[in-house]
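The figures that follow rest on heavy atoms only: side chains count, while hydrogens, waters and symmetry mates do not. Starting from 1, each residue takes its place in the sequence as its number.
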Amino acid sequence: MVREYSEFEPTLEALRKMEQEFTMLLANIPAILFKGYLDGSIDFFDQKVEALTGFSRAEFESRRLKWTDLILEEDRQPTKMIFLQALKGDKAYVREYRIKDKQGNVIWIHERSHIVCDAGGQAEYVSGLFFDRTEQKRLEEKLRQTEKEFHIVMDNIPAVLFKGGIDGSIDTFDDKIATLTGYPKEEFDSRRLIWTDLIFPEDLDQVKQAFIHALKTNKSYIREYRIRPKTGNMVWVHERSHIVCDPEGKVAYVSGLFFDITERKELEATVAEQNSQLSEANSRLTSWAQELEQRNDEISLLGRLGELLQSCNTSEEASLGIGQSVQNLFPGNSGAVYLFNSSHNLLEATTLWGEAPPSETVFAPDECWALRRGRPHGATEIAAGFKCRHVQPDQTAYLCVPLVAQGEAIGVFHVLLGATDPMQIERKENLALRVSDHLGLALAKLKLQEALQHLSVRDPLTGLFNRRYMEESMERELIRAARQGKEVGVIMVDIDHFKRFNDTFGHDGGDALLRKLAKFLQKHVRGSDIACRYGGEEFTLILPDASLEITQQRAEQILAAVRDLRVQQGQKVLDPITLSLGVAVFPGHGNTHRALLQAADVALYRAKETGRDRVCLAGKD
């Protein structure tokens with residue numbers, strides 16, 4: 001018996017080794033080996049199914065879970081049909097479908113299987129591999145989207161993108177090649193036609209030399225040459241390309257763009273024909289180059305102007321920057337930016353620039369033809385006799401361009417021109433249009449922004465700062481005073497017997513009094529002081545860097561001066577008023593804005609209780 005066992009020992013050892021190698025192979029292949037049955041159940045040979053589906057191998061092998069249970073409903077019939085077709089054929093099949101894992105995520109499966117039949121030809125089981133193709137499908141979808149976006153870009157750029165070989169053949173990426181040459185894209189892609197066949201013979205040598213020079217230097221080159229399209233006409237091509245080499249330094253292919261510059265070349269030829277002397281032609285080319293450079297500078301300056309306007313928070317800030325920017329755009333000229341006033345009945349100069357700016361800084365809208373017509377007003381209209389009344393009689397060369405935002409005119413961009421050359425005037429008219437577009441939108445945005453800012457911090461009745469702004473300002477001033485070791489005074493003001501005043505003269509009278517008192521308080525505070533409407537008939541004054549003595553003196557001055565205040569309602573002069581005032585000072589009466597306001601309010605209450613028409617200090621009887 002022992003002898004018989006020893007005889008089989010090598011075989012058993014070989015089997016164990018084979019099983020070990022098989023197990024290692026299963027663990028390392030990027031697929032799951034399975035054995036499946038006609039009822040949809042399966043057996044697995046490794047644990048990778050758990051990472052794929054989230055279900056344990058035991059759940060499948062116990063038949064509590066079938067593989068077909070995981071297949072998405074809409075994929076089940078197609079997968080079944082593939083299986084039936086394989087059953088009728090060579091028993092091997094490949095199919096792709098989706099399953100849902102334990103967390104409900106959709107997973108793409110690529111299955112390669114073979115149906116194993118018994119001796120009678122009946123399907124016994126299926127043996128195969130499951131591959132997770134989810135990431136591949138995601139990448140394929142991303143690739144499709146990228147290709148779609150690529151083709152959109154290709155369709156919209158005014159050039160033909162190509163990939164070329166050193167034999168002169170090309171592959172194109174869009175159908176614009178047909179527009180350029182008259183030959184369909186397939187003619188080039190199939191190699192029935194190569195690009196160099198179309199190049200004029202007399203241009204081939206310089207085309208070749210440009211390629212050789214690029215090969216020796218930075219691999220990039222630009223060349224212009226003529227081709228003969230299918231129609232037989234001549235087409236000028238501007239080519240921008242780059243030579244791509246393999247790791248060994250050999251040319252692999254050329255990637256580049258073809259531009260149709262026929263119109264440009266025809267224009268250059270026409271200009272050349274019209275110039276009888278070479279010096280005259282050089283002069284024109286130099287002038288053209290200078291104009292291009294000037295326009296590039298103008299584009300750059302316009303960009304800077306746009307950035308400047310975007311960063312401004314107020315119209316005043318914008319006006320400071322507009323003058324310098326516009327002066328750089330119109331060197332040697334002068335002008336102004338006029339904006340409608342708040343009543344919209346006059347235009348006022350908010351920005352003046354140049355050595356001789358307009359002397360008229362305010363004018364009515366009907367004095368400007370640009371506003372009356374709603375369009376730019378320049379040399380052509382002036383020559384026809386239509387001259388703006390806001391311009392001096394001796395000024396014959398100028399431009400007026402309406403500043404428009406969202407269909408509404410907000411002002412005028414006005415340029416006084418020194419030069420009268422028609423070409424220069426036309427160029428400056430075009431530049432003025434672009435400048436006015438920037439200014440119109442930016443200034444309208446700033447005005448809206450300022451209006452919203454005003455509404456958010458101002459009391460609509462009195463125009464004073466509101467309570468929210470007062471609390472924010474006081475908190476800021478207290479922090480600054482604490483850091484600098486200074487004091488901050490606060491005066492709480494209340495109108496005595498305001499309810500009786502309101503009952504006697506009505507709400508209109510009460511509102512008139514509040515507005516009049518607000519203006520009075522603004523006149524009796526320093527520029528650094530902050531006057532606010534606290535609520536109802538109460539007002540608050542914040543006095544930065546003011547001691548208790550100075551704050552009390554200011555309160556006493558207000559108390560005395562208000563007795564002479566008279567409010568007029570129509571033809572009627574309303575009764576005089578008195579005030580009660582409470583005074584507190586940081587840090588003596590409070591270290592926070594709430595404590596300080598409370599102290600001033602208590603002092604105000606004491607002023608009321610002790611007879612009104614007086615000033616009381618916080619912490620004093």
Kindly compute the distance separating [atom1] ([X]) from [atom2] ([Y]), expressed to the nearest 0.5 Å.
{"X": "Cys532", "Y": "Phe539", "atom1": "SG", "atom2": "CZ", "value": "10.5 Å"}
{"X": "Leu65", "Y": "Lys102", "atom1": "CG", "atom2": "NZ", "value": "9.5 Å"}
{"X": "Ile99", "Y": "Phe55", "atom1": "CD1", "atom2": "CZ", "value": "8.5 Å"}
{"X": "Ser473", "Y": "Ile542", "atom1": "OG", "atom2": "CD1", "value": "5.5 Å"}
{"X": "Ile550", "Y": "Leu543", "atom1": "CD1", "atom2": "CG", "value": "9.0 Å"}
{"X": "Leu514", "Y": "Leu461", "atom1": "CG", "atom2": "CG", "value": "5.5 Å"}

Quick one: does [X]'s side chain have a donor or acceptor within less than 3.5 Å of a partner on [Y]'s backbone?
{"X": "Arg476", "Y": "Ile479", "value": "no"}
{"X": "Arg533", "Y": "Asn466", "value": "no"}
{"X": "His589", "Y": "Ala618", "value": "yes"}
{"X": "Glu59", "Y": "Ser56", "value": "yes"}
{"X": "Arg614", "Y": "Leu559", "value": "no"}
{"X": "Arg375", "Y": "Arg372", "value": "no"}
{"X": "Asp511", "Y": "Arg515", "value": "no"}
{"X": "Glu429", "Y": "His377", "value": "no"}
{"X": "Glu472", "Y": "Met474", "value": "no"}
{"X": "Gln395", "Y": "Gln392", "value": "no"}

Taking every non-hydrogen atom, the tightest pair across [X] and [Y]:
{"X": "Arg606", "Y": "Gly619", "answer": "NH2-N, 4.0 Å"}
{"X": "Ala356", "Y": "Leu416", "answer": "O-CD1, 3.7 Å"}
{"X": "Lys387", "Y": "Val391", "answer": "CE-CG1, 4.2 Å"}
{"X": "Thr610", "Y": "Ala607", "answer": "OG1-O, 3.4 Å"}
{"X": "Gly582", "Y": "Ala603", "answer": "CA-CB, 3.7 Å"}
{"X": "Gly378", "Y": "Leu399", "answer": "CA-CD2, 3.9 Å"}

[X] and [Y]: side-chain donor and acceptor closer than 3.5 Å?
{"X": "Thr578", "Y": "Asp496", "answer": "yes"}
{"X": "Glu348", "Y": "Thr361", "answer": "no"}
{"X": "Gln557", "Y": "Gln553", "answer": "no"}
{"X": "His242", "Y": "Ser255", "answer": "no"}

Do [X] and [Y] touch side chain to side chain, with heavy atoms closer than 4.5 Å?
{"X": "Asp601", "Y": "Glu538", "value": "yes"}
{"X": "Val585", "Y": "Val488", "value": "no"}
{"X": "Lys100", "Y": "Leu72", "value": "yes"}
{"X": "Asp613", "Y": "Leu579", "value": "no"}
{"X": "Ile530", "Y": "Met470", "value": "no"}
{"X": "Tyr605", "Y": "Cys616", "value": "no"}
{"X": "Arg566", "Y": "Val573", "value": "yes"}
{"X": "Leu596", "Y": "Leu478", "value": "yes"}

Heavy-atom count check: over 12 atoms from other residues, nucleotides or ligands less than 6.0 Å from [X] [atom1]?
{"X": "Glu135", "atom1": "CD", "value": "yes"}
{"X": "Lys137", "atom1": "NZ", "value": "yes"}
{"X": "Glu549", "atom1": "CD", "value": "no"}

Open item on the list: Walk me through whether Asp575 and Phe505 qualify under side chain to side chain contact (heavy atoms under 4.5 Å, CB included).
Closed with: CA-CA 9 Å; Asp575 293 347; Phe505 299 107; 3.5 Å; yes

Are [X] and [Y] close enough that their ring centers fall under 6.0 Å?
{"X": "Tyr398", "Y": "His414", "answer": "yes"}
{"X": "Tyr338", "Y": "Phe413", "answer": "no"}
{"X": "Phe501", "Y": "His497", "answer": "no"}

Open item on the list: Could you walk me through whether Val412 and Leu339 satisfy the side chain to side chain contact (heavy atoms under 4.5 Å, CB included) test, starting with their C-alpha distance in whole Å, then the side-chain angles of each, then the deciding distance to 0.1 Å, before giving a yes or no?
Closed with: CA-CA 7 Å; Val412 173; Leu339 296 180; over 6 Å; no

- [ ] Test salt bridge (charged side-chain N to carboxylate O under 4.0 Å, His left out) on Lys608 and Asp494 and set out the steps.
- [x] CA-CA 9 Å; Lys608 290 281 190 183; Asp494 185 88; 2.3 Å; yes

TODO: Show the numbers, then the answer: is there a side chain to side chain contact (heavy atoms under 4.5 Å, CB included) between Leu513 and Ile577?
DONE: CA-CA 9 Å; Leu513 171 59; Ile577 63 165; 3.6 Å; yes

Open item on the list: Students often mix this up, so state it plainly: with edges at 30° and 60°, are the rings of Tyr469 and Phe465 parallel, tilted or perpendicular?
Closed with: parallel

Taking the basic N atoms (NZ, or NE/NH1/NH2) and the acidic carboxylate oxygens, is any pair closer than 4.0 Å for [X] and [Y]?
{"X": "Asp529", "Y": "Arg526", "answer": "yes"}
{"X": "Arg138", "Y": "Glu141", "answer": "no"}
{"X": "Arg467", "Y": "Glu471", "answer": "yes"}
{"X": "Glu147", "Y": "Arg144", "answer": "no"}
{"X": "Arg98", "Y": "Glu74", "answer": "yes"}

Task: Trace of the side chain to side chain contact (heavy atoms under 4.5 Å, CB included) decision for Leu517 with Leu565 - done: CA-CA 8 Å; Leu517 181 59; Leu565 181 69; 4.3 Å; yes

